[in-house]
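Accompanying notes for the structure given below.
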There are 2 protein chains.
Amino acid sequence: MVPAPSPSDPHPLIRKLESIAVLTDDERQALLDLPMQVTAIKEDQDIVREGDRPSRSFAILSGFTCTYKITGDGKRQIVAFGIPGDMPDIQSLHLKVLDIGVATLTPCNVGFIQHEDLWDLCMRHPRLGAIFWRETLVESASFREWILNVGRREAYPRMAHVLCELLVRLRAVGLAEDHSCDLPITQVEFADALGITTVHANRVLQQMRADRLIKTKGSRLNIPDWEQLKAAGDFDPTYLHLRPDEVVT
Amino acid sequence: MVPAPSPSDPHPLIRKLESIAVLTDDERQALLDLPMQVTAIKEDQDIVREGDRPSRSFAILSGFTCTYKITGDGKRQIVAFGIPGDMPDIQSLHLKVLDIGVATLTPCNVGFIQHEDLWDLCMRHPRLGAIFWRETLVESASFREWILNVGRREAYPRMAHVLCELLVRLRAVGLAEDHSCDLPITQVEFADALGITTVHANRVLQQMRADRLIKTKGSRLNIPDWEQLKAAGDFDPTYLHLRPDEVVT
DNA sequence: CGTTTGGTTGAAATGTGTCAAACTTTGTGG
DNA sequence: CCACAAAGTTTGACACATTTCAACCAAACG
């Protein structure tokens, strides 16, 4: 008996895939049947490291991760944040050597899926294979926007932009209300994501609070004026390629 | 009668795919049989624009392109250079709305392929479908490295890094000798790729010439000391995921 | 309750941007 | 083949965003 599809589907992976594509009951069931090794991982741990040759990928079931690279002299650049439903290293299905590391920002539950099982799924459900491909392409589009952000926007709009992206993505998987969400990301991590210093990240955030673009209380982020933040960050969610009804502009 | 595979295969697309994967004669023939509308495009023209909803993708047969995005206030960021064999908008196969523009840097010959024909090919030759997927993942890896480059390296190593990437990629498709190649990229374009000003790009290049890392004569680039340039650019070609025998370190 | 982690501050140093002009190469039409 | 325009490159002086360094403060935590 297949459970009725629900907007608040408890399985993060399905919730995420449904935010970018439509699934049939059959496909949803096939995903639920995927052999998945669920593992709890503590905060600030590497799940995978650059140079690894994994035989499995993983889906984030709960918690936040960051995908990062390190320069020869040890400077870290975060290239993406991972939220529940994401599969940050799904690329290892095709590319044997990992060119990135993925670390937890919070305690996480992740579900490991053997590559052979993923291949199997893609073969038996070509449409799901296409959806996974599509997902990697959406990720790729996010990288392009990230390049634009880091390369051509100053620190202040750059920060505004990532905050916008995070809120929209969290909303798409049901982890944010209209104008607030839990964002357990430290200033060091924001700095590494934006390609700036921690000190500067701090100053930019202070300025944004003074400008009443954001309010923070602990790890809680509140956005009093979404339109203004969007404008400040030059943010247009098109590049996230969400299903139209998932985009709350 | 299938022509014997040759290291200098005249078809750029096949040459490129073979630099990242092994093709069977059958697959090579299927690629050659792809209906392709070859078109000559002048310098400095958009091939596709952000917001387009193309029904076809294209392969670069000759010439150079750049893939770019524009901020709300008109600043351009180049996120990738395209060289013969590349398919800069293959993503539009899955993502209906383009989030990028692609422009020619030189006169180009491009081969347009209808999406339906590409889908057809992927269905009939699943391994080729996987190779196209793989290619988009390699591109994705390049974007990640590009973020690291722009976010965490100063202008000088940043420039060195793109020069290294370009040379390695050109070598992989047979368009560069060991230490020199034709690089018809202006300083304005380098600046837009690196997220710096033209003026600064100019100064960095001058410094690199003074340091004898590069020599330029017209659009000809010569690299007297590859090891030193690699070191200056903190360059490791792993992220390009080339077949080992294609990587000349 | 001390220790750790994350956040905040100030002053000085610096990489990169800005602006505006001049120079050089390339391509083209007369 | 010259002349000229257009495109690309180079220069200098100055402004400014961001970094650096080093210290201090506040909240979280066992």
Side-chain angles (χ1 to χ4, degrees), chain A residues 42-45 64 66 71 73-78 103-107 149-161 182-211 214-221 232, chain B residues 42-45 64 66 71 73-78 103-107 149-161 182-211 214-221 232:
Chain A
K42 287 206 269 288
E43 199 178 339
D44 280 316
Q45 303 284 311
F64 284 64
C66 68
T71 62
D73 52 339
K75 280 179 282 204
R76 179 174 77 158
Q77 174 70 44
I78 291 176
T104 56
L105 299 179
T106 66
N149 204 31
V150 172
R152 286 300 187 209
R153 294 194 188 103
E154 304 207 321
Y156 188 103
R158 209 183 292 179
M159 177 73 81
H161 194 280
D182 203 55
L183 251 203
I185 300 178
T186 68
Q187 295 186 356
V188 177
E189 287 145 6
F190 274 123
D192 283 350
L194 301 180
I196 60 179
T197 332
T198 310
V199 172
H200 201 53
N202 176 269
R203 287 174 176 144
V204 166
L205 282 171
Q206 284 182 62
Q207 189 58 51
M208 293 182 70
R209 284 191 285 247
D211 296 342
I214 59 169
K215 288 185 193 165
T216 55
K217 192 161 42 166
S219 70
R220 194 83 203 160
L221 170 71
Chain B
K42 286 208 270 287
E43 198 178 341
D44 281 316
Q45 303 284 312
F64 284 64
C66 68
T71 62
D73 53 338
K75 281 179 281 202
R76 179 173 76 158
Q77 174 70 44
I78 292 176
T104 57
L105 299 179
T106 66
N149 203 31
V150 172
R152 285 303 187 205
R153 293 194 188 102
E154 304 206 322
Y156 188 103
R158 211 184 291 178
M159 177 73 81
H161 194 279
D182 204 56
L183 251 204
I185 299 177
T186 68
Q187 294 185 359
V188 178
E189 287 145 6
F190 274 123
D192 283 349
L194 301 182
I196 61 179
T197 337
T198 310
V199 173
H200 201 53
N202 177 267
R203 289 181 171 137
V204 166
L205 283 172
Q206 285 184 60
Q207 189 59 51
M208 291 182 71
R209 285 191 285 249
D211 295 343
I214 59 170
K215 289 184 191 167
T216 56
K217 193 161 40 166
S219 70
R220 194 85 205 157
L221 171 70

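Here is the naming used below: chain letters follow the sequence lines, and residue numbers restart at 1 for every chain.
- Within the structure, every side-chain polar atom (N or O) of B/R152 is placed at least 4.0 Å from both OP1 and OP2 of D/dT18.
- Nucleotide D/dA26 holds its C1' atom 17 Å from the NZ atom of A/K217, rounded to whole Å.
- Atoms CD1 (B/I196) and P (D/dT10) sit 13 Å apart, rounded to a whole Å.
- Projected onto DNA chain C by closest heavy-atom contact, A/E189 and A/E154 fall at different nucleotides, the more 5' of which corresponds to A/E189.
- Computed from coordinates, the A/F190 CZ to C/dG6 C1' distance equals 13 Å when rounded to whole Å.
- Atoms CG (A/D44) and P (C/dG6) sit 7 Å apart, rounded to a whole Å.
- Comparing B/V204 and A/R209 against DNA chain C, the residue whose closest nucleotide sits nearer the 5' end is A/R209.
- Nucleotide D/dA7 holds its P atom 14 Å from the NZ atom of B/K42, rounded to whole Å.
- Side chains of A/T71 and B/R153: no donor on one and acceptor on the other come within 3.5 Å.
- An OP1 or OP2 oxygen of D/dT18 is reached within less than 4.0 angstrom by no side-chain nitrogen or oxygen of A/R153.
- Here B/D44 does not pair with B/K42 in a salt bridge; the nearest charged N to carboxylate O distance is not below 4.0 Å.
- Of all non-hydrogen atoms in B/A201 and B/M159, the two that sit nearest each other are O-CE, 4.0 Å.
- Summary of the strand contacts: A/G218 and A/G195 both lie near DNA chain D, and taking for each the nucleotide with the nearest heavy atom, the more 5' one is attributed to A/G195.
- In this structure, the side chain of B/T198 does not engage the main chain of B/V188 through any donor-acceptor pair within 3.5 Å.
- In this structure, of C/dT8, D/dT10, C/dG17, it is D/dT10 that holds the atom nearest to the side chain of B/N202.
- For B/Q206 and D/dT9, the shortest distance from a side-chain N or O to OP1 or OP2 is not below 4.0 Å.
- Judged by closest nucleotide on DNA chain D, B/T186 is the one of B/T186 and B/R203 placed further toward the 5' end.
- The separation between A/L205 atom CG and D/dT18 atom P is 13 Å, rounded to whole Å.
- C/dG17 atom P lies 11 Å from atom CG of B/D192, rounded to whole Å.
- Pairing each heavy atom of B/P184 with each of B/T106, the nearest pair is CG-CG2, 3.3 Å.
- Atom CD in B/E43 sits about 14 Å away from atom C1' in C/dT28, given to the nearest Å.
- Contact between the side-chain N/O atoms of B/Q187 and the OP1/OP2 oxygens of D/dA7 is not found at any separation under 4.0 Å.
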